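Notes follow once the structure below has been shown.
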Amino acid sequence: MDLWANILIGLDTAITPNNLLYCFLGVFLGTFFGVLPGVGSLAAVSMLLPITFYLEPTTALVMLAGVYYGAEYGGSTSSILLNLPGTPSNAVTCLDGYPMTQQGRAGVALLVTTLASFFGGSIGIIALFALAPLIVKWALVFGPAEYFALMLFGLVAAATVTQDKPAKGLAMVVFGMALGTVGTHLATGAPRYTYGYAELRDGINFIALAMGLFGVSEMILSLTRTVNKPFNQKVSLRSMIPTRDEARRTFLPMLRGAGIGGLFGALPGTGPSIGTFVGYALEKRIAREPERFGKGAIEGIASPESANNAAVQTAFIPTLTLGIPGSATMAVMMGALLIHGISPGPGLMNSNPEIFWGLAVSFWIGNVLLLALNIPLIGLWVRVLKIPYAILYPAVICLICIGVYTVRNSVLDVGLVMMFGLLGYALRLMRFELAPILIGFILGPMVEENFRRAMQIYRGDWLVIASRPIAGTLLALTVLMLLWTLWSVVRRRRRGGLVSPLAGD
Amino acid sequence: MMPSTKRKFLSTAAGLLAATALAGPALADYPDSPVTLVVPFATGGSNDIVARQLGRQLSEMWGQPVVIENRPGGGATVGSLYVSEQDPDGYTIQIASVTFTMNPAVQDDIPYDPRADFTRIALVGQVPLVIGARPNIPADTPEELFEYLRQHPGELSYGATGVGSIQHFAGELLNQQAGVDVEAIQYSGGGPAMVDVMGDHIEYSIGSMTQMLPQIVEGNIKPIAVTSLERSPAAPEIPTLHESGLEGFEVLQWWGILGPAGMDEDIVEFLNASINEVLATDEFREFLAGDGGEPRPMSVQEFHDFMGANFDRWEEVAVDAGMRDGN
């Protein structure tokens, strides 16, 4: 019955006209910034933070949280329509979302994304209500050894996300990890590959990398297409409704995605992206026809989008109950509370229940608002694709440059977008997958940092890592996954490529 | 003729400007346009929060907006480099913390000279750190902690937030003065380091009061000592290291205001006086007290010497502890 009491406290706070208004404003602005290429959720939240200084603390956080999940949601829209991922999590959505657009089915992809986001978000919120105290205890068991094993697991799972040749996918993961080493080495303070640029001490800007690799390369590629006209899109309401078969194939991936995302999101050291990588990899593993993935499989967007939004919600658990932000965006959000003199931490739930539960309820209201806001907008977004590329693409490139520049006032980042655009183009000509680069880029540094910490804490004895129950289990799973991949490659070779003509070239 | 009139007007204006510049700065008018207060960190951190409070009160006092501009990156070097390159006219200033004087002790490639390229204007406030240990550590007092650490030389670890961070300096100074050997494990922030203390993965972390106090209240972290010479009003029950055998042990987080080198003395004095006026208000005092901090007004000369002493001291600690080698 405690739960109901808490929901009532939350409703009391969340449903005031003021909070409802700012919730809507946050969700609206978040969607807007998320859709803009070159501006991710972190930039959106950072830019809007100063506005919230003049609001009540709860209202401020209601609005910022709305911006956050609104931007995560909006990012998937540009991923699907233009192959422009605004956040690491959205990179996975590009894999099958963009092919669906190319097939003229952007409407279906956007609708499924909206529903999966709402579903995942709702599951995440339920977890936030029911499990917050429990998850907090569980999360503390995770030390450097456990995080290392978890990240390694995610990395290997991600390496198999690629469709064609595992070796090519692995090469790109490693390349991404190499890009991830740029910046100040945490353990020694030594600058690595910064070439004297102070901006590079923080590493390569993710947005610059993602926009260049995915977006700009796509635009260069479009110049070489013989028929240079927009993909024919149907925009009627009926065209958005998935086929029966698709609807059937959406539900379970959505459920699994929400579970995986919610679980990983609640860990303070992971961030939402790893859940989307693992969710996608899992769907591909258990699918009857894995070769459909990467070519517009509906499961390939349902699972990661559901995972992403579940993780976005559960990521508030460590932030609010431990005072530990799981991601850079969460850190900004925590700053918003600190500015108002509220210290997030274990006492928050008791000392300011109206803030904690008010937020949780407002998240759900925000998700409903997102649904209401976005389903009518799908038709509008799809119409964007009707704009001839000769006009659309230069405009998008401008927006990317402005967006990337605004975030850090850095000319270098704009240069990097263009550089990575050319690089992405070259890699695509050689038929390399690009998503594994981003996955390696995100997870690589986490693997390295946690490995380094674990090695230091256990004084170089790596057997300690393997002998810890959670870390050991995760490492064993990772080995199993590797063996499975090898085995399936060998099996495919033996059958002489007859089974999956799509799998080789 | 329009163009020539305009040119004439411009040259007159320029002449007038030059004349006022020669006759000394336009102190009488300063500030007659918005002042930019650069925060070389992202929004939401302690530097940002302090800068915004200070900026708000200064702008109320002056009747001129104080614009907060976040220029994060490169561990504050991006923002500070930007400020060092601006006109020293008093319209671009920045907030800097104790790490500004720590960085040069461990980094070779800072793109400016932290000692020479800035005008030191005023100190704002300071706050001690607190040693927070894992709850089941077999020690309740600083003395017991030192004893425990001495019994396990080279086996134990503490959490810090990067080479040359204030937490790292505090930890190495503790190693030196207590004669113990605890290894620094670097984290990307105070939060993650604290979680590993709570989760029993490392022994302790020397972190900010803001972050630690809520966990201490809940019993998730055991407070051992604070790093100031006197006990903190925010947590008077926690002893100091100074009173527990480590005489003179002091590591404080502080925030100060700097400008580009070569600022006019009158404007520096004016800014110093304005900032000290803000520090004297109850509003500002209560604002800092919320996180265990206190305002610390200083004259321009005092702040100048204070920073000089900080540069020298951290240089010495870094050399003695071998921090440049990344240990």
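Computation of the quantities below employed the complete heavy-atom set of this structure, encompassing side-chain atoms and omitting hydrogens, waters and symmetry-equivalent molecules. Reminder, nothing fancy here: chain letters follow the sequence lines and each chain counts from 1. As the structure is a prediction and not an experimental result, all values here were calculated from the model.
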Using non-hydrogen atoms and a 4.5 Å limit, figure out which bit of [X] sits close to chain A: side chain, backbone, both or neither.
X	result
B/L156	backbone
B/I202	side chain
B/V195	both
B/E155	backbone
B/Y187	both

State whether the number of non-hydrogen atoms from other residues, nucleotides or ligands found under 6.0 Å of [X] atom [atom1] is greater than 12.
X	atom1	value
B/E315	CD	yes
A/Y458	OH	yes
B/R134	CZ	yes

What closest approach, in Å, do A/A198 and B/T77 show between heavy atoms, and which atom pair accounts for it?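 Between these two residues, the closest heavy atoms are CB-OG1, 4.0 Å.
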Search all heavy atoms of A/P144 against all heavy atoms of B/D196 and return the closest pair with its distance.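 So the two residues come closest at CD-OD2, 3.0 Å.
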Please state whether the side chain, the backbone, both or neither of [X] comes within less than 4.5 Å of a heavy atom of chain B.
X	value
A/Y197	neither
A/L49	side chain
A/T184	neither

Between A/R453 and B/S157, a side-chain donor and acceptor under 3.5 Å: no
Please check if the side chain of A/R459 supplies one atom and the backbone of B/G154 the other of a donor-acceptor pair under 3.5 Å.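 Yes, A/R459 side chain to B/G154 backbone: donor-acceptor pair under 3.5 Å.
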Got a donor-acceptor contact below 3.5 angstrom from the B/H201 side chain to the A/L140 backbone? yes
Between B/M194, B/R52, B/Q107, which has the largest tally of heavy atom pairs under 4.5 Å with chain A? B/R52
Assert top hit (heavy-atom pairs under 4.5 Å, partner chain A, pool B/S165, B/S188, B/G189) equals B/S188
So how far is it from A/E199 CD to B/L81 CG, rounded to the nearest 0.5 Å? 8.5 Å
